[in-house]
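Both ligands and their constituent atoms are indexed starting at 1 by order of listing.
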Amino acid sequence: MSLSSSQVLRSVADLYAAIRDVNPLVVQLTNFVVANDQANLTLALGASPIMSFSPEEQLDLGRITGALLVNIGTVSDIQSKTALLAGKAVNERHRPVILDPVGVGASSYRHQVVQELLAEWRPSIITGNAAEIAHIYGLTGLGRGVDSQQEHSDPARLVRDLALRERCVVVLHGATDWLSDGETVVKLSNGHVRLTTITGTGCSTGSAIAAFSAVATPPEAKEINLHDLLVASIAGVLATSIAGEIAAENSPNSGPASFRVAWIDAVSTLNPEIISERARIQVVSVV
Ligand SMILES: Nc1ncnc2c1ncn2[C@@H]1O[C@H](COP(=O)(O)OP(=O)(O)O)[C@@H](O)[C@H]1O
Ligand SMILES: Cc1ncsc1CCOP(=O)(O)O
């Protein structure tokens, strides 16, 4: 399906209306570094977060959630067991499962955890920085720890090819954001360099993508629609990156801790008009 910037912006406006109308529940299995920011950012968008760490509750939560975020930032054996059960339960209901493989290339343990998850369930969206996305594709060497040290030389092709292979949406975030559903490739050029001065902007973008995905997929859907999830992912990235621009304008002289607060505040003030005015969206052709 072809896509234009104006169509994307109309669909993003519909998602803003839906998220405030539905107040979807978003189950988030995430790391202990960023969990509080992710919960607040989810609330600021109009969705309802529940952070969870226990395998025992995943069947119950899987029955009621609008979408599931699995972020392996501080993964342990118990959390990977939790993620296995949660992903299967949410896959069965055809609700979106968002995988953020934080630091997947940093240790063989994280690599193995992600391989096990991908063998047991199917992510609807994979979101990560250049090093994480390249690692999942089978390339190594771009990262160290949870950060990407380098840009990928051909991010448009990388996201398109990984999306085709895994039959999901792929989001590569960084100074420029690249997204694909395997057919369309979109480049987003919003954001502010001060977002790199605080930890967890990528993780929080995963929460925003999950929140919009929850309302992009109708309650009784019998299958995942990747085109709809591409638009939801664009909405999530635009929310956190444009909020970064607004936060930088509102607190020009602050340190990183105050910038972090200004950023979450800015997310809560977003609306479709602000997004339309500021969004820098380009549909890219990859041959
Ligand atoms: N140099 C930059 N200039 C502008 N925006 C940026 C820059 N780096 C990151 N961003 C913004 O921050 C978001 C998260 O990017 P990233 O740095 O990859 O996160 P993290 O390191 O937390 O995983 C991106 O989606 C983008 O909007
Ligand atoms: C520092 C750190 N260590 C484990 S998870 C985490 C946060 C990573 O956040 P992000 O992936 O958004 O940079």
Side-chain angles (χ1 to χ4, degrees), residues 28-42 45 51 53 69-76 79-80 83 98-107 109-110 113-114 125-136 142-152 155 158-159 169-180 186-210 212 232-249 256 259-260 262-264 266-267 270 275 278-282:
Q28 307 187 35
L29 317 185
T30 191
N31 64 76
F32 56 71
V33 182
V34 197
N36 186 256
D37 283 355
Q38 291 176 283
N40 279 315
L41 193 130
T42 307
L45 284 170
M51 300 351 226
F53 291 89
L69 174 70
V70 173
N71 172 309
I72 67 152
T74 48
V75 73
S76 63
Q79 286 178 336
S80 72
I98 294 85
L99 173 65
D100 188 342
V102 176
V104 61
S107 69
Y109 178 68
R110 283 174 198 246
V113 165
V114 169
I125 302 172
I126 301 175
T127 177
N129 63 31
E132 291 153 358
I133 296 300
H135 185 94
I136 301 275
L142 294 187
R144 191 194 61 193
V146 298
D147 290 323
S148 194
Q149 305 289 101
Q150 288 175 45
E151 301 284 321
H152 187 269
L158 175 63
V159 292
V169 170
V170 173
V171 179
L172 187 163
H173 54 73
T176 305
D177 300 294
W178 300 87
L179 304 89
S180 180
V186 176
K187 175 183 176 187
L188 302 178
S189 308
N190 292 97
H192 196 279
V193 71
R194 285 177 68 193
L195 286 167
T196 62
T197 65
I198 53 177
T199 192
T201 50
C203 295
S204 300
T205 299
S207 298
I209 290 170
F212 285 111
S233 302
I234 293 170
V237 173
L238 288 177
T240 54
S241 57
I242 289 175
E245 296 171 5
I246 296 170
E249 288 161 17
F259 177 73
R260 169 173 156 262
W263 177 54
I264 295 171
V267 171
L270 293 173
I275 299 290
R278 289 186 177 253
R280 296 171 66 196
I281 304 173
Q282 207 181 322

Q) Looking at R110 and V75, what are the two nearest heavy atoms and their distance? A) CG-CG1, 4.3 Å
Q: With sequence neighbours excluded, tell me which residues meet side-chain hydrogen bond (donor to acceptor under 3.5 Å, both in side chains) with T240.
A: T205
Is there any protein N/O under 3.5 Å from an N/O of ligand 1, and what does the full list of such pairs look like?
residue  : atom   : partner : partner atom : Å
ligand 1 : 5 (N)  : H192    : N            : 3.1
ligand 1 : 5 (N)  : H192    : O            : 3.4
ligand 1 : 18 (O) : H173    : O            : 3.2
ligand 1 : 18 (O) : H173    : ND1          : 2.7
ligand 1 : 19 (O) : T201    : OG1          : 3.4
ligand 1 : 19 (O) : G202    : N            : 3.4
ligand 1 : 22 (O) : T201    : N            : 3.4
ligand 1 : 22 (O) : T201    : OG1          : 3.0
ligand 1 : 22 (O) : G202    : N            : 2.8
ligand 1 : 25 (O) : D177    : OD1          : 2.6
ligand 1 : 25 (O) : D177    : OD2          : 3.2
ligand 1 : 27 (O) : D177    : OD2          : 3.3

(Q) We want to know whether Q282 and S189 form a side-chain donor-acceptor pair, criterion being a heavy-atom distance below 3.5 angstrom. (A) no
**Q.** Minimum heavy-atom distance between P101 and L99, given as atom pair plus value
**A.** CD-O, 3.5 Å
Q) Are the side chain of E245 and the backbone of G191 linked by a donor-acceptor contact shorter than 3.5 Å? A) yes
(Q) Residue by residue, ordered by chain and number, which ones reach under 4.0 Å of ligand 2 with a heavy atom? (A) N31, V33, V34, G73, T74, V102, V146, T199, G200, T201, G202, C203
Q: For the pair N190 (side chain) and S241 (backbone), establish whether a donor and an acceptor sit closer than 3.5 Å, ignoring hydrogens and angles.
A: no
Q | Set of residues satisfying salt bridge (Lys or Arg N to Asp or Glu O under 4.0 Å) with respect to R260, sequence neighbours excluded | A | D37
Q. Going through the distances and angles, do E249 and R194 end up as a salt bridge (charged side-chain N to carboxylate O under 4.0 Å, His left out)?
A. CA-CA 11 Å; E249 288 161 17; R194 285 177 68 193; over 6 Å; no
Q. Of all heavy-atom pairs between L188 and I281, which one has the smallest distance, and what is that distance?
A. CD2-CG1, 3.7 Å
